[in-house]
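Proteins get letters first, then strands, A, B, ... in listed order; numbering begins at 1 in each. Everything numeric here is computed off the predicted structure, so don't read it as measured data.
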There are 2 protein chains.
Amino acid sequence: MNKPAKLRSVNSSAADGQMMYSLVRAAHVLESRLEEALEEVGLSLAKFGALSHLVKEGEPLSLSECAMKMTCVRSNVTQLVDRLEADGLVRRVEDPEDRRAVRAVVTALGKERHAAGARQVEKVQAEFAKTISGTDRNALERVLSALR
Amino acid sequence: MNKPAKLRSVNSSAADGQMMYSLVRAAHVLESRLEEALEEVGLSLAKFGALSHLVKEGEPLSLSECAMKMTCVRSNVTQLVDRLEADGLVRRVEDPEDRRAVRAVVTALGKERHAAGARQVEKVQAEFAKTISGTDRNALERVLSALR
DNA sequence: GCGGGTTTATTCATATATGAATATTATAGT
DNA sequence: ACTATAATATTCATATATGAATAAACCCGC
């Protein structure tokens, strides 16, 4: 027998603890799927994320701006751009306005690769969409927007 | 004006894409909170996780068993146990049954530290519980259980 | 009993992430 | 104009994670 809804929403911190872990695990599962899908086109999730911001912006971003958009630390971006540059997906250019700054430019190959990555990500999204019912969608939105 | 629910649950792969990212981001936020809380007692989330499995089991676990419980690769556990051992939270003992195996034993200090970590985690859980309404709880459960 | 395949942990190379330290350049306040 | 402060990217040390390669020990079928 289920508990009445009133009781269910009270005194359930143990269940919530499980849910917190479930949420984290579920996200890891999704990340694995994305990594797997992106690997087929020679990208990692980190690389795809960086390319996405650069492509979306449409103009060179300084590494600091990248770090902010990716909500990570600058030294991380330095290394990520090193690898992207080694892959030929991005180029570093100096900023004439500010001689401290370095901006990242997506190469033609980088744009192609990003597009291929986006197609892969869409497949995972479609799969994800199937696992969510319409009513759960709204509840999930509320929960996730509370966690920022 | 909202779309009718029927339309809302159809043709919404773009919104679902956002939700997929939201879910991943939300999990990262939770992980950061856990890391932050655990840092106060000198633990990382990875270390706390390993200790939790060992404490829960109540007896020494081989590193392979640890890897399975933590759903990660064995070489990861090797390094993690290196660090736990350096912290004095765990000891390696040989397995008399199987001379290939190495088992991890929690030390007294390890048990204390784990208990302290568990108290920290509970605080984060309580905070998390407050952000979830009773009705959303069930929806979230359904969604997360579909992602295993 | 033994030879071949499996399982064990470790090591190595690499990717991702953080934070501290450093050097260079910009900018504000005086 | 000069100095103090801030912001830039990089480097370094470290933690976490993966996967490939290795060595040791196990186990099965013969």
Side-chain angles (χ1 to χ4, degrees), chain A residues 24-25 27-36 38-39 42-51 53 60-87 89-105, chain B residues 24-25 27-36 38-39 42-51 53 60-87 89-105:
Chain A
V24 170
R25 218 180 313 121
H28 287 167
V29 169
L30 278 180
E31 282 180 325
S32 298
R33 290 185 193 170
L34 287 168
E35 293 280 8
E36 192 184 359
L38 286 168
E39 196 182 357
L43 284 178
S44 65
L45 189 48
K47 286 177 180 175
F48 177 74
L51 287 180
H53 287 297
L61 283 175
S62 79
L63 302 205
S64 278
E65 289 167 334
C66 282
M68 279 187 293
K69 286 186 189 290
M70 300 173 61
T71 47
C72 74
V73 125
R74 280 192 300 239
S75 57
N76 193 16
V77 174
T78 295
Q79 301 175 84
L80 187 52
V81 169
D82 284 348
R83 292 187 294 268
L84 285 167
E85 215 169 16
D87 292 347
L89 306 179
V90 141
R91 260 181 21 245
R92 262 181 249 244
V93 298
E94 26 186 88
D95 185 340
E97 314 282 309
D98 185 340
R99 285 166 51 211
R100 293 168 302 180
V102 174
R103 308 192 90 95
V105 184
Chain B
V24 170
R25 219 179 314 121
H28 287 168
V29 169
L30 278 179
E31 283 180 325
S32 296
R33 291 186 193 170
L34 287 168
E35 293 280 8
E36 192 185 357
L38 285 168
E39 197 182 356
L43 285 176
S44 64
L45 189 48
K47 287 177 181 176
F48 177 73
L51 286 181
H53 288 297
L61 284 174
S62 79
L63 301 204
S64 278
E65 290 167 333
C66 282
M68 280 187 294
K69 287 186 189 292
M70 299 172 64
T71 46
C72 75
V73 124
R74 278 193 300 240
S75 56
N76 192 15
V77 174
T78 295
Q79 301 175 84
L80 187 53
V81 169
D82 284 348
R83 292 187 294 268
L84 284 167
E85 215 170 17
D87 291 347
L89 306 179
V90 141
R91 261 183 18 245
R92 263 182 249 245
V93 298
E94 23 186 271
D95 185 340
E97 314 283 309
D98 185 342
R99 283 165 51 210
R100 296 168 300 181
V102 174
R103 307 193 90 96
V105 184

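Taking both residues in full, the closest heavy atoms of Ala27(A) and Val24(B) are given as CB-CA, 4.0 Å, listed atom of the first, atom of the second, then distance. Summarising the geometry of Leu51(A) relative to Leu43(A), their closest heavy-atom pair is CD1-CD2, 4.0 Å, with the distance given to 0.1 Å. The two atoms that bring Leu45(A) and Glu35(A) nearest to each other are N-OE1, 3.1 Å, heavy atoms only. The nearest pair of heavy atoms linking Arg74(B) to Ala67(B) is CG-CB, 3.9 Å.
First and last contacting nucleotides of DNA chain C toward chain B (any atom under 4.0 angstrom from a heavy atom, 5' to 3' order): dT7(C) to dT11(C).
With sequence neighbours excluded, the residues that form a side-chain contact (heavy atoms from CB on, under 4.5 Å) with Val93(A) are Arg91(A), Arg103(A), Val105(A). Shown here are the side-chain hydrogen bond (donor to acceptor under 3.5 Å, both in side chains) partners of Glu85(A), two or more places apart in sequence or in another chain: Arg92(A). Legend: residues meeting side-chain hydrogen bond (donor to acceptor under 3.5 Å, both in side chains) with Arg83(A), ordered by chain and number and at least two apart, are absent.
For DNA chain D, the stems formed by at least three consecutive Watson-Crick or G-U pairs, with both atom-pair distances below 3.5 Å, span C:1-30 with D:1-30.
Within a heavy-atom distance below 4.0 Å of DNA chain C, the residues of residues 74-83 of chain B found are Arg74(B), Ser75(B), Thr78(B).
Across the protein-nucleic acid pair, Leu61(A) atom CG and dT8(D) atom C1' stand 15 Å apart, rounded to whole Å. Between the CZ atom of Arg103(A) and the P atom of dA9(D) there is a distance of 9 Å, given to the nearest Å.
A sub-4.0 Å separation between OP1 or OP2 of dT10(D) and a side-chain N or O of Arg92(A) is present.
Taking CD of Glu65(A) as the reference point, atom CE of Met70(A) lies at 13.5 Å (rounded to 0.5 Å). Note that the SG atom of Cys66(A) and the CG atom of Leu80(A) stand 8.5 Å from one another [nearest 0.5 Å]. The structure places SG of Cys72(B) at 10.0 Å from CD of Gln79(B), a figure rounded to the nearest 0.5 Å.
Side-chain contact between Lys47(B) and Asp87(B) is present, with at least one heavy-atom pair separated by less than 4.5 Å.
Projected onto DNA chain D by closest heavy-atom contact, Arg99(B) and Leu45(B) fall at different nucleotides, the more 5' of which corresponds to Leu45(B). Closest-nucleotide positions on DNA chain C for Glu97(A) and Asp98(B) were compared, and the one nearer the 5' end corresponds to Asp98(B).
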